[in-house]
A.B. asks: 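Before I ask anything, here is the structure I am working with.
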2 protein chains.
Amino acid sequence: MRTRRKSEAIDSVSEGRVGNAPQNTGSNQRRRQNEILDAAAKVFAERGYYGASTQDIANVLGIRQASLYYYFSSKEIALELVCMKGVEGFFEAASEVAAKKISASEKVRGLVEAHLTPLLDRADFVKTFLNERQYLPPASRKKVGKLSRAYERVIEKVIAEGIANGEFRKGLDPRLMTLALLGMCKSVASWLGKEDAYAVPKVSQEYARILLGGIANSGR
Amino acid sequence: MRTRRKSEAIDSVSEGRVGNAPQNTGSNQRRRQNEILDAAAKVFAERGYYGASTQDIANVLGIRQASLYYYFSSKEIALELVCMKGVEGFFEAASEVAAKKISASEKVRGLVEAHLTPLLDRADFVKTFLNERQYLPPASRKKVGKLSRAYERVIEKVIAEGIANGEFRKGLDPRLMTLALLGMCKSVASWLGKEDAYAVPKVSQEYARILLGGIANSGR
DNA sequence: ACCGGATTCTATAGATCAATAGATAGATCG
DNA sequence: CGATCTATCTATTGATCTATAGAATCCGGT
């Protein structure tokens, strides 16, 4: 069924309760919700939002497909939550780096590292955010996009700052540079773990170096 | 229906005939096939392979869903053809650049340009190749992956060559650098047309400059 | 041991999807 | 004018998908 809504099931995300389940005495429910989200993230990251069925998610958990709906009122809401968890932290981490009293170059290093580090422990959420957010319903996409754009603006500002203080070259376009940085980093999610010679610390170090100094042999 | 096959419909791609249609007197059929492919590419690029229905493709063309099967025996084959058309040319164009008698730096510039230029007139095919090839059935994925890896090797070789002749710095990892270049370029497909301040020539010039010299203000 | 809420299950609705079968309109050519 | 080929149509099949309804089970507290 594509669109049908009549019960009092909660459709939007609010106060951690997502769906029509009553709150529990302890935090068991919250814990279980996170397990379900983990499974959803895994399946979304692996097969894409439309390629993944709610049945697939249930299979990961070893429960029945319908049982998912005790926790989530729709597949779309699950996607929204996974995407939010995939993007949240990016803005904060980047803001922290940007606020530090270090050179713009060092900030760029920090930004790359901050972008790649979440791949270590939340890869499925990050990948889903990066690749599947386009399939969110408009309202959710707006919410996620807002966070996303704020994050981009932090990066742009660091670049602009570096240009202003002479650290970066004059003609550089902050927006285009931001897109370049994000593009480079985004693609890491797709091959990390497959290209097993490369782990996050090495990649972030090397990528930052490329962005800052290029590949040319300027030394000696 | 997911898997059903019993008629003599042609399942694999061979000699331009894809499906069970008899060949035409003229090239009308070939032309029509390309129109259908264009529509499929458009829809795949827009909504993803699983997010796009054969009905969507038919709607673009103004014909009935079932009519598509006169030209293509399955949705998967259409995806394979779109992906092949999206990747074909990359290897050749890159090989041409690599064979030129120019410096490695100029080759990198040429490689970036060669990667971004197809976005001008085949954006939907390229996007589908980049984002949807993962959903190909194993046999097709292998075929596409082969071309894809050959392309990557051309880039790696240019980088390695530049390191060997001292143009690029010593510690540089050709594979990682290739992934960086491809990542940067791949992401362009997702925002080109939306970030309307940037067109392909400007982007490829700027991206090549970032890769080669970085963003640092080394001059003066 | 029992009660009541929490959680999962069975069963099914209703919709959509890819693909097939066969009919039919249109063109081409004798 | 009739025959054949081309391209599209109508109609349908069977699978699969999201979501709902309501029954069954589990489990902690008393």
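The basis for the numbers below is simple: all heavy atoms, side chains too, and nothing from hydrogens, waters or symmetry mates. Only a predicted model underlies this, so the values are computations on that prediction, with no experimental measurement involved. Proteins get letters first, then strands, A, B, ... in listed order; numbering begins at 1 in each.
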A.B. asks: Quick one: is Thr54(A) getting a side-chain N or O under 4.0 Å of the dT18(D) phosphate, OP1 or OP2?
C.D. replies: yes
A.B. asks: Flag the pair Glu161(B) and Lys107(B) as a salt bridge only when some basic side-chain nitrogen lies within less than 4.0 angstrom of an acidic carboxylate oxygen.
C.D. replies: yes
A.B. asks: Starting at CZ of Arg30(B) and ending at C1' of dA7(D), how long is that distance when rounded to a whole Å?
C.D. replies: 17 Å
A.B. asks: How long is the span from the CD atom in Glu195(B) to the OG1 atom in Thr178(A), to the nearest 0.5 Å?
C.D. replies: 9.5 Å
A.B. asks: If you pin Asp56(A) and Ala66(A) to their nearest nucleotides in DNA chain D, which one's is more 5'?
C.D. replies: Asp56(A)
A.B. asks: Could you state the OH-P distance from Tyr69(A) to dG22(D), rounded to the nearest angstrom?
C.D. replies: 18 Å
A.B. asks: Can you tell me if Tyr70(B) touches the phosphate of dA7(D), counting only side-chain N or O atoms and a distance under 4.0 Å to OP1 or OP2?
C.D. replies: yes
A.B. asks: Identify the two heavy atoms, one from Thr128(A) and one from Phe44(A), that lie closest to each other, and give their separation to 0.1 Å.
C.D. replies: OG1-CB, 3.6 Å
A.B. asks: Nearest-Å distance, NZ (Lys75(B)) to C1' (dT16(C))?
C.D. replies: 11 Å
A.B. asks: Quickly work out the Phe72(B) CZ to dA7(D) P distance and round it to whole Å.
C.D. replies: 13 Å
A.B. asks: Arg64(A) CZ to dC17(D) P: how many Å, rounded?
C.D. replies: 15 Å
A.B. asks: I want to verify a distance call: between dC17(C), dC9(C), dA19(D), whose nearest atom is closest to the Ser53(B) side chain?
C.D. replies: dC17(C)
A.B. asks: To the nearest Å, give me how far apart CD1 (Ile63(A)) and C1' (dC26(D)) are.
C.D. replies: 15 Å
A.B. asks: Under 4.0 angstrom, heavy atoms only, what part of the nucleic acid is Ala58(A) near: base, sugar-phosphate, or nothing?
C.D. replies: nothing
A.B. asks: Under the ring pair (Phe, Tyr, Trp, His ring centres under 6.0 Å) rule, what do Tyr151(B) and Phe91(B) come out as? Steps first, then yes or no, please.
C.D. replies: CA-CA 5 Å; Tyr151(B) 172 52; Phe91(B) 172 75; 8.0 Å; no
A.B. asks: Under 4.0 Å between a side-chain N/O of Gln29(A) and OP1 or OP2 of dT7(C), yes or no?
C.D. replies: yes
A.B. asks: Taking OP1 and OP2 of dT8(D), is either one under 4.0 Å from a side-chain nitrogen or oxygen of Arg32(B)?
C.D. replies: yes
A.B. asks: Atom CG of Asn34(B) and atom C1' of dA7(D): how far apart are they, to the nearest Å?
C.D. replies: 17 Å
A.B. asks: Please state whether the phosphate of dA7(D), meaning OP1 or OP2, lies under 4.0 angstrom from any side-chain nitrogen or oxygen of Ser67(B).
C.D. replies: no
A.B. asks: Could you work out, with salt bridge (Lys or Arg N to Asp or Glu O under 4.0 Å) as the rule, every residue matching Asp173(B), not counting sequence neighbours?
C.D. replies: none
A.B. asks: Hey, does the side-chain of Gln55(B) have a donor or acceptor N/O within less than 3.5 Å of a partner on the base of dA18(C)?
C.D. replies: no
A.B. asks: Rounded to the Å, how far apart are Gln65(B) CD and dA7(D) P?
C.D. replies: 19 Å
